[in-house]
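Below, read A as the first sequence line, B as the second, and so on, with proteins coming before strands; counting in each chain starts at 1.
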Amino acid sequence: MDKHYDHKSIEKKWQNVWEENKIFEVTEDESKPKYYTLCMFPYPSSQGLHVGHPESYTAVDIVARYMRLKGFNVLNPIGWDAFGLPAENYAIKQGVPPWETTQKSIDNFRRQIKSFGFSYDWSREVNTSDPSYYKWTQWMFLQMYKHGLAYRSKAKVNWCDSCQTVLANEQVVDGRCERCKNEVRQKDLEQWFFRVTKYAEELLQDLDKIDWPEPIKAAQRNWIGKSEGAELEFKVKDTDFSIKVFTTRPDTLYGATYMVLAPEHPLVEKLRFQIDNWGEVEKYREETQKKSELQRTDLNKEKTGVKLKGIKAINPATGKEIPVFIADYVLMSYGTGAIMAVPAHDERDFEFAQKFDLPVVAVIIPNEDQLAEFIKRKVIAEDSEKVKDSILKGEICYDGSGIMINSAEFDGLASEEAKWKITEKVGGQKKIQYRLRDWLISRQRFWGAPIPIVYCQHCVDDSKKIVEKDGKKYAVVPVPEKDLPVLLPRDVDFKPTGESPLVNSQEFHQVKCPRCGAEGEGVMREVDTMDTFVCSSWYFLRYTDPHNDQAPFAQDKVEYWLPVDLYIGGAEHAVLHLLYSRFFVKALRDMGYLKFDEPFLKLRNQGMILGEDGQKMSKSRGNVINPDEVVQEYGADTMRLYEMFMGPLEDAKPWSTTGIMGVRRFLEKIWLVVAEWLEKERPSDTSAELERLFHRTYKKVTEDIEAMKFNTAISAMMILVNQMAKEKKFRQDLLEKFLIVLSPFAPHLAEEVWHNLGNDNFIALVKWPEWDEELIRDEEIEIPVQVNGKVRAKIRVPAGTAENEVIKLALGADNVKKHITDKKIIKQIYIPGKIVNIVVGSE
RNA sequence: GCCGAAGUGGCGGAAUUGGUAGACGCGCUAGAUUCAGGAUCUAGUGGGCGCUAGCCCGUGGGAGUUCGAGUCUCCCCUUCGGCACCA
C-alpha cells in the first residue's frame, strides 16, 4: 500500500464499483426490518450544489450505511424537485426553454452528488417535471377533487407583481413574496384551493406523536393558530339583520360598548340604505381596498374607522343600543369579520375608543395577585390601589382575568367561569377558530404540472359545478384518469404576462370535453399550473414504486416502506412542505390509499453553513465555498467528515479552510498507520490499554450515530487513531472493526483499506461490530478528592475498591491533609467511581 | 405582545438521572527537521499570582437549593427563529 493517501483514485474507483454491483439497490424483503432514510430532495438550480446540500445528505448517508450494517433493509433514495419558478425565470433570462435548462441542472447536480459516494438507490431517481411523475401529481389533484378537498373559489388572494402569479399564504412572509421579496398585493381572483383547514385539528394534535425539532412543531402550532372562544350574535336595531362575532372573551360581553365590522364585510352593503353617511363609508372602504396587507397590518399605525350613522346594534346581555363602526383593524379573513369591542379589556378597542370618545365600562377587576402580575407585565409605576382605581374608572385597559363586576347576575364570579355561563345566557355557541387558511394551489406560470380540468359551456345544464369566465358559464369537468397526463405544451411563449402562458398554446387547447365530447368553441382547458409544493407533497411515496405506470404507487410497497423513519432537511420548510406533506398523507389515508397518519416519524434540520466570515454565503459577499473544489482538493471523505465534525447537525456554523485540513490530516494518519502496519508482520497482540480503547470507540461511535451526534463520534475515532499511531501494534480484527465503524463517515477510504487488508467482500455490506463491556471497564480508576467542593487531589484505586478504603486513601493524600488539618470533618461523601468530597468546618 | 431555541477559551465546539469545565479539532508559542516556504514531528496553550510542588478567579448577569451547579429553581439581559391590530 502506497504511503501517500490519493483520494482521487480511490474515490472514483469505489463509486464505480458500488454502482456496477448495484449494492445499494433494494427491494421489499419481509425477512428484514426496514428503515427508510430521506433527505429533502434538491431543487436543481443552475448554480449547482451548495455546501449545505452535502451536510444533510452526509448525515442521512451515515445513518443509512449504519442501519444497513446493522441488518436493516434500508431505502435511501434521491430525486429532483424540478418544477418551479427559479428554473422558469432562469430559462427566460437565458432564452432557453425550462425543460432544457432543468435537464442540464439535474445532470450537473447528479454528477456532483455522485462525487460524494452517498449510498443511494439510484434506480429509484424521480423527477417531478417528468410526465411519468406529474401524471400522478395530476392524479392526486383528481382524488382531492373527487373527495371535495380541491375546490375553485373566488377569494382575496396574494398576488406578486414581480413573479406574476398568486401565492399561498405560506409563501408570503411579512407581506412580501417569499422568493423575490416583492410586496404582495391582494387581488380578487377565482382560484383552486386544497381544503387543508379540514385537517386543522388533526394537524395540530398529531404533532405530539412525532419526533420533530421543537421549533418546527412550535412554528406549525403558531401557523395553525387555534383559539377557543364563543360565537355571539348581536341584532341590528330595526332590521332583520344580525352581526355574528367571534370572541375569546365572552366574559367581557357586558363591557361591549360598540361593534366594528371589517370594511369589506358584506353586511355593510346590505345596510346601505339605512346608513346616513354612506358617502363617507364608501370612501373609507375604497381607501382600505387600495392599501396593501403590509400597510393595513402595520401595528404602529393609528386606528382609523368610520361610524355607520343610523345603525345601532343591541348588546344581547345588557339590551343596550351600541354604535357600529367599520375599521381596518378588523380583518375579514379571520373569525366572522366582525367584533364586539370591549375597550376596558382589549388594548386595540381601548385605543379606538379613546380616539372616537366611546364609553369604557370595566366589567372585570383583578384580584391582588392578578393585579401585581399585571403591574409587572405592563411595567406600571403607580401603586396598586391607584392602578385598580384606574381600571375601575376605565382610564386604563386591563386585559387579564379576574372577578366579574357590572355584569348583573354574574358579578362576583371568576371571569374564567363566567365565560361559558354568559355565552349560554345569550344563546351563543362555543367555537374553535383556526388561523390556518386553505392552500391556494393555482399558479399563473408555465413550469408546473397543469391542473387537469376542462371547462365546457355545453355541459352547464347538468353540472353542479359551474364557473363564470368573461361573463359566460362553464361546467367544471375533471379530466378522466385514463387521459392523464395532461402534457405541458411546448409551443408556448413562456414569458409571464399575468396570465398563464398556457393560454397561448394551440396544442394545449385542442381538447374535447371529456363529458359531452364537444370541442372547439366553448370548451377550454384550465390554463393554470399547480404550485410546486403539490409535487413535493407526495414524492416520498413515489420512491417506493417509481416506475409504476398504473398507479402512483403499489399499496403493498408503500405499506412495507412507509412511514419515513428519518427525514433531514432545512428548517425553512416548517410551514410549507412539511405541513403540506402531512396534509397529503392524512387526506390519502381518508381516501383509503394509506394506512398511517404521519409521513415523517423523525425529523432533523441541518443548520446553515456560513461563510468563513460568519455571514451567510452569497455571491455578492464573495464567501461562497464550491463543493466541487473541496472534493477535488481534499476528497469526498474529507468533505463528509469535515461537515459532520464542524458541530451539531442542527447548529449554524461557519466554514473554516484550516478546519478542514485537520480532518484531512486525520484521514492521512489512518492511511499512514495502516500502510506502515502492512509493511511489517501483522502483530498477534495488542496492549490491554489500546484494546480497551478500540472497544470503547466501537461503543461510542455506535451510541453517537444513534443520537446523531456525529461530531463527537469523529472525535472518539481521532482519539483512537492518535493512540494507534503511537503504539503501532494492534491485531487485525481490532483494526477491521474500526474500519467498519469508520465506513459510514469515510466510505471510500474504509472500503479501500478493507480490501488492502485482504478482504474481498464490501465493507458497506458487512456486519456492524459489537463491543465487550467487560473489556471496556477500567481496572484502575482515578478519583478526584474535593475538600469543601474544591478538587485538592486525585487518587488512583483499583476499580471496585470499598468506600472506607477510598476515603482512607483520600484523607491520606498530601494536599488533602493540608486542607483538613486543624479542621473538623463534618461529612465524607463518596460517589462510587466518581468523586470524594470531604466537608470540613473550622474548629 | 405571544410561542420556540440558544448564550462555555482567540475560534468551531466537548461535558447535563447534579460529581475533575474546556474532550477533539483549528489557531497560537517554543523546539526538531528543512537552503527556504509548505508539510511533518515533540512539548505547551482559559485568565491571574507564584511560574516548581501550590493558590485565587472562571460556563451571559443576579439570587437560591445542595457536600457539590455549565447542568436544577426563580428573576433579569442578549442573540436567533415562528406568529402577530387573529378579536
Report task. Carefully, step by step, assess Glu633(A) and Arg664(A) under the rule salt bridge (Lys or Arg N to Asp or Glu O under 4.0 Å). Result -> CA-CA 10 Å; Glu633(A) 192 173 348; Arg664(A) 165 78 194 194; over 6 Å; no

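Set against rA87(B), rA23(B), rU20(B), the side chain of Thr247(A) has rA87(B) as its closest nucleotide. Here the nucleotide nearest the side chain of Arg665(A), chosen from rU40(B), rC24(B), rU20(B), is rU40(B). Of the listed nucleotides (rA87(B), rU20(B), rC26(B)), rC26(B) has the atom at the smallest distance from the side chain of Thr658(A). Of the candidates rC85(B), rA87(B), rC26(B), the closest approach to any side-chain atom of Phe246(A) belongs to rA87(B). Checking rA15(B), rA5(B), rG13(B) against every side-chain atom of Thr712(A), the shortest atom distance belongs to rA15(B).
Annotation: ring pair (Phe, Tyr, Trp, His ring centres under 6.0 Å) contacts of Phe710(A) (sequence neighbours excluded): none. With sequence neighbours excluded, no residue forms a side-chain contact (heavy atoms from CB on, under 4.5 Å) with Ala218(A). Legend: residues meeting side-chain contact (heavy atoms from CB on, under 4.5 Å) with Glu703(A), ordered by chain and number and at least two apart, are Lys699(A). A search for side-chain contact (heavy atoms from CB on, under 4.5 Å) contacts involving Glu264(A) returns Lys156(A), Ala262(A), Arg296(A), Met332(A), not counting sequence neighbours. By the side-chain contact (heavy atoms from CB on, under 4.5 Å) test, Leu207(A) is found to be paired with Ile210(A), Lys217(A), Gln220(A), Arg221(A), Arg582(A), residues two or more places apart in sequence or in another chain being considered. For Trp671(A), the ring pair (Phe, Tyr, Trp, His ring centres under 6.0 Å) partners two or more places apart in sequence, or in a different chain, are Tyr5(A).
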Query raised in the report: For RNA chain B, what dot-bracket results from Watson-Crick or G-U pairs at under 3.5 Å, with [ ] for crossers and | for inter-strand partners?
Result: (((((((..(((......[....)))((((((.......))))))((((....))))..(((((..]....))))))))))))....

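When the P atom is compared between rC3(B) and rG13(B), the two are found 28 Å apart, to the nearest whole Å. Spacing of C1' atoms, rA14(B) relative to rG61(B), comes out at 24 Å, to the nearest Å. Comparing the same atom, P, in rA15(B) and in rG22(B) gives a spacing of 13 Å after rounding to whole Å.
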Only pairs under 3.5 Å count here: list side-chain donor-acceptor contacts from residues 169-176 of chain A, not counting sequence neighbours, and write none if there are none.
from: Asn169(A); atom 1: OD1; to: Asn158(A); atom 2: ND2; distance (Å): 3.1
from: Glu170(A); atom 1: OE1; to: Tyr580(A); atom 2: OH; distance (Å): 2.9
from: Glu170(A); atom 1: OE2; to: Trp223(A); atom 2: NE1; distance (Å): 3.0
from: Gln171(A); atom 1: OE1; to: Ala168(A); atom 2: N; distance (Å): 3.0
from: Gln171(A); atom 1: OE1; to: Arg443(A); atom 2: NH2; distance (Å): 2.6
from: Gln171(A); atom 1: NE2; to: Asp531(A); atom 2: OD1; distance (Å): 3.4
from: Arg176(A); atom 1: NH1; to: Lys181(A); atom 2: O; distance (Å): 3.3

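Look at Lys709(A) and you'll find a side-chain N or O under 4.0 angstrom from OP1 or OP2 of rA15(B). Side-chain N/O atoms of Ser227(A) include one lying less than 4.0 angstrom from OP1 or OP2 on rA87(B). OP1 or OP2 of rC86(B) has at least one side-chain nitrogen or oxygen of Arg348(A) nearer than 4.0 Å.
Within the 6.0 Å centre-distance limit, the rings of Phe352(A) and Phe325(A) are counted as a close aromatic pair.
Leu641(A) CG to Ile62(A) CD1: the interatomic distance, rounded to the nearest 0.5 Å, is 8.0 Å.
Residue-environment remark: NZ (Lys834(A)) stays at or below the threshold of 12 foreign heavy atoms within 6.0 Å.
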Polar-atom pairs under 3.5 Å, protein N or O versus N or O of nucleotides 81-83 of chain B: list them with distances, or write none.
from: rG82(B); atom 1: N2; to: Asn222(A); atom 2: ND2; distance (Å): 3.0
from: rG82(B); atom 1: N3; to: Asn222(A); atom 2: ND2; distance (Å): 3.0
from: rC83(B); atom 1: O3'; to: Arg435(A); atom 2: NH1; distance (Å): 3.1

Can you pull every protein N or O that's under 3.5 Å from an N or O on nucleotides 64-75 of chain B?
from: rC67(B); atom 1: OP1; to: Lys827(A); atom 2: NZ; distance (Å): 3.3
from: rC67(B); atom 1: O2'; to: Asn837(A); atom 2: ND2; distance (Å): 3.2
from: rC67(B); atom 1: O2; to: Asn837(A); atom 2: ND2; distance (Å): 2.5

Please tabulate the protein-to-nucleotide N/O contacts below 3.5 Å involving nucleotides 54-60 of chain B, giving atom names and distances.
from: rC55(B); atom 1: OP1; to: Arg792(A); atom 2: NH1; distance (Å): 3.0
from: rC55(B); atom 1: OP1; to: Asn815(A); atom 2: ND2; distance (Å): 3.4
from: rC55(B); atom 1: OP1; to: His819(A); atom 2: NE2; distance (Å): 3.0
from: rC56(B); atom 1: OP1; to: Arg792(A); atom 2: NH2; distance (Å): 3.4
from: rC56(B); atom 1: OP2; to: Arg792(A); atom 2: NH1; distance (Å): 3.1
from: rC57(B); atom 1: OP2; to: Lys790(A); atom 2: NZ; distance (Å): 3.2

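Remark: Phe645(A), Met646(A), Pro648(A) in residues 643-651 of chain A come within less than 4.0 Å of RNA chain B through at least one heavy atom.
Against the 90° criterion about 0, the sugar-base torsion of rG9(B) places it in the syn range.
Inspection of the Lys827(A) and Asn837(A) side chains reveals no N or O donor paired with an N or O acceptor under 3.5 Å.
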